Amino acid sequence: MYAQQVETGLSTVRTTADMADDERAFQARIDAGVRIEAKDWMPDAYRKTLIRQISQHAHSEIVGQLPEGNWVTRAPTLKRKSILLAKIQDEAGHGLYLYSAAETLGVSRDELLAALHSGKAKYSSIFNYPTLSWADMGAIGWLVDGSAIINQIPLCRCSYGPYARAMVRVCKEESFHARQGYDIMLALARGTAEQKAMAQDALNRWWWPSLMMFGPSDAESVNSAQSAQWRIKLFSNDELRQRMVDQTVPQAEFLGLTVPDPDLRFNAETGHYEFGAIDWAEFHNVLKGNGPCNRERLRTRVQAWEEGAWFREALVAHADKHAAVKEVA
Ligand code: 3HC
């Protein structure tokens with residue numbers, strides 16, 4: 001599969017001829033579609049890439065709870081409030097599955113969280129935008145969770161067993177997240193003129209940041225080629241971004257809303273929507289920590305970690321006491 005040098009954008013991968021025997025045997029297992037498990041030999045670089053991606057995915061789930069938490073007390077009905085609470089609770093669970101998958105690679109949760117709290121580890125750029133109206137709860141479920149599903153379904157078939165299996169459960173719950181978001185947008189779009197305008201405003205603000213969730217363009221991606229060779233990434237950033245646009249534009253039309261892209265047009269020949277240029281300066285600016293909510297999000301996470309220290313200490317003390325009692329018995 002990799003006889004020729006595989007080049008995608010800024011990253012290139014080595015051919016099997018350049019690999020040591022154990023790495024060549026590992027790559028042959030990957031190419032044969034064999035699932036890699038925690039106890040299997042793996043190149044350090046494969047392990048490092050997975051720790052990076054899985055932990056950042058987990059951080060995204062945990063930080064992703066914050067924008068929606070902002071609207072729990074202001075949900076318009078008890079039904080919407082309980083649905084939103086269930087979704088936010090799911091995201092916490094997704095974070096836990098993913099931290100557990102990352103721990104199988106020999107890294108501790110405390111190390112991973114320290115990397116998040118110090119700003120060393122990333123989380124998805126999308127969660128650095130403010131949620132200004134109830135319609136944002138709809139736009140996030142529809143666009144953000146919708147994008148997450150498109151990105152996560154291939155991960156159910158990725159080469160690393162614990163990650164792939166965590167994704168199966170996550171994707172089942174994400175479909176509910178996307179449905180409840182679209183249901184909010186439908187209710188607003190069919191509501192009063194003010195409600196429809198609120199839905200349009202939310203689409204205007206969340207559309208482009210949702211496209212950025214899929215990462216930089218393939219030409220700019222530094223990790224894609226290697227992640228593709230290791231079958232961590234089964235589709236490129238641009239392929240999945242295109243899928244999101246093709247799936248979502250007809251949904252916006254059904255709502256009677258306008259996608260905020262004057263260059264958007266359907267190409268009957270290719271069967272895809274062509275869309276305008278993404279503002280990569282904004283993307284990189286948010287990744288540098290200069291998004292609208294980066295500081296607030298990290299401050300909130302660090303504060304929660306510090307305020308929860310007593311609870312973690314109590315759990316450990318209880319576990320130690322329990323273990324000591326068992327010892328004596
Ligand atoms: N936000 C923050 N950082 C991003 C990013 C984004 N939207 N897109 C790319 N990056 C970072 C990458 O992490 C990488 O930096 P690093 O090397 O320091 O980690 C750099 O930009 C270059 O990007 P690449 O495309 O080369 O990097 P990857 O191959 O890792 O691809 C990715 C990026 C597509 C996000 C990939 O990491 C991935 O598929 N991750 C798993 C899915 C995920 O994390 N989704 C985030 C949202 S989770 C979510 O939405 C939860 C839902 O319940 C709401």
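Please read these numbers as outputs of a predicted model, since none were measured by experiment. For the numbers below, each heavy atom of this structure counts, side chains included, while hydrogens, waters and symmetry mates do not. Remember, it's 1-based here, ligands and their atoms both numbered in the order they're listed. We count residues from 1, following the sequence as given.
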Option among H177, H59, H57 that satisfies the ring-ring contact (aromatic ring centres under 6.0 Å, His included) test with H94: H177
task: Could you list the atoms of ligand 1 found under 4.0 angstrom from a heavy atom of S221?
output: 24 (P), 25 (O), 26 (O)
query: Is ligand 1 under 4.0 Å from a heavy atom in the side chain of L287, in the backbone, in both, or in neither?
result: side chain
statement: for atom 19 (O) of ligand 1, nearest protein heavy atom and its distance come out as R52 NH1, 2.9 Å
statement: Checking heavy atoms under 4.0 Å, the part of E61 that sits near ligand 1 is side chain
- request: Starting from atom 3 (N) of ligand 1, locate the nearest protein heavy atom and write down its residue, its atom name and how far away it is, to 0.1 Å.
  value: K122 CD, 3.6 Å
For Q56, the ligand 1 atoms whose distance to one of its heavy atoms is below 4.0 Å: 13 (O), 19 (O)
message: Closer than 4.0 Å to some heavy atom of D145 - which atoms of ligand 1 meet that?
response: 52 (C), 53 (O), 54 (C)
- request: Test R205 against every option in S133, P130, P260 by the side chain to side chain contact (heavy atoms under 4.5 Å, CB included) rule and name the one that passes.
  value: S133
message: Would you say that I54 contacts L105 through its side chain, given a criterion of any heavy-atom pair below 4.5 Å between the two side chains?
response: yes
message: I need the minimum non-hydrogen distance between V13 and Q229, along with the two atoms involved.
response: CB-OE1, 3.6 Å
- prompt: Between P154 and L240, is any pair of side-chain heavy atoms under 4.5 Å apart?
  reply: yes
- prompt: Have N128 and S125 got a donor and an acceptor in their side chains that come within less than 3.5 Å?
  reply: no
message: Under 4.0 Å, counting heavy atoms only: does Y163 come that close to any atom of ligand 1?
response: yes
query: Where's the contact between F283 and ligand 1, heavy-atom distance under 4.0 Å: side chain, backbone, both or neither?
result: side chain
message: Any nitrogen or oxygen of F127, side chain or backbone, less than 3.5 Å from one on ligand 1?
response: no
- prompt: Parallel under 30°, tilted from 30 to 60°, perpendicular over 60°: which one fits the rings of F26 and Y46?
  reply: perpendicular
Geometric class of the F283/W280 ring pair [parallel <30°, tilted 30-60°, perpendicular >60°]: perpendicular
message: Please classify the F235 to ligand 1 contact at 4.0 Å (heavy-atom distances, strictly less than): side chain, backbone, both or neither.
response: neither
- prompt: Do H177 and ligand 1 have an N or O pair less than 3.5 Å apart?
  reply: no
field: Residue, atom name and distance, where the atom is the protein heavy atom closest to atom 28 (P) of ligand 1
entry: K233 NZ, 3.5 Å
message: I'd like the name of whichever of L155, V222, L143 reaches closest to atom 22 (C) of ligand 1 through any heavy atom.
response: V222
message: I need the atoms of ligand 1 closer than 4.0 Å to a non-hydrogen atom of G215, numbered in the order shown.
response: 8 (N), 9 (C)
field: Taking every non-hydrogen atom, the tightest pair across E37 and G161
entry: OE2-CA, 3.7 Å
task: Note the single closest protein heavy atom to atom 23 (O) of ligand 1, along with its residue, its atom name and the distance in Å.
output: P216 CD, 3.4 Å
message: side chain to side chain contact (heavy atoms under 4.5 Å, CB included), that's the test. Do R231 and L234 meet it? Break it down for me.
response: CA-CA 6 Å; R231 289 179 51 77; L234 302 187; 3.8 Å; yes
message: Looking at ligand 1, is there an atom of it that comes within less than 4.0 Å of some heavy atom belonging to G64?
response: no
query: Purely on distance, is any nitrogen or oxygen of E174 under 3.5 Å from one on ligand 1?
result: yes
- request: Indicate yes or no for a side-chain donor-acceptor contact from D320 to the backbone of A317 under 3.5 Å, with no hydrogens or angles considered.
  value: no
Shortest protein heavy-atom distance from atom 46 (C) of ligand 1, along with the residue and atom involved: S124 CB, 3.7 Å
- request: Kindly indicate whether atom 38 (C) of ligand 1 is approached by any protein heavy atom to under 4.0 angstrom.
  value: yes
- request: With R297 as the cation and F127 as the aromatic partner, state whether NZ or CZ is under 6.0 Å from the six-membered ring centre and within 45° of the axis.
  value: no
field: Side-chain heavy-atom pair Q226, R14 within 4.5 angstrom cut-off
entry: no
Atoms in ligand 1 flagged as close to F214, the criterion being non-hydrogen separation under 4.0 Å: 34 (C)
message: Quick test: of every protein heavy atom, which one is nearest to atom 14 (C) of ligand 1, and how far off is it to 0.1 Å?
response: N223 ND2, 3.6 Å
statement: One finds that the ligand 1 atoms under 4.0 Å from a non-hydrogen atom of Y123 are 1 (N), 2 (C)
- line: Ranked by distance from atom 42 (C) of ligand 1, the top protein heavy atom is N151 OD1, 3.1 Å
task: Examine the proximity of ligand 1 to S125 and report which part, side chain or backbone, both or neither, has a heavy atom under 4.0 Å away.
output: both
field: Within-cut-off N or O pair, H94 and ligand 1, under 3.5 Å
entry: no
- prompt: Would you call I36 and W230 a side-chain contact if the rule is heavy atoms closer than 4.5 Å?
  reply: no
query: Ignoring hydrogens and geometry, is there a side-chain-to-backbone donor-acceptor pair from Q56 to A121 under 3.5 Å?
result: no
message: Contact between D22 and W41 at the side-chain level, heavy atoms closer than 4.5 Å - yes or no?
response: yes
- prompt: Taking non-hydrogen atoms only, is N237 closer than 4.0 angstrom to ligand 1 via side chain, backbone, both or neither?
  reply: side chain
- prompt: Nearest protein heavy-atom contact for atom 40 (N) of ligand 1: which residue, which atom, what distance?
  reply: Q53 NE2, 3.5 Å
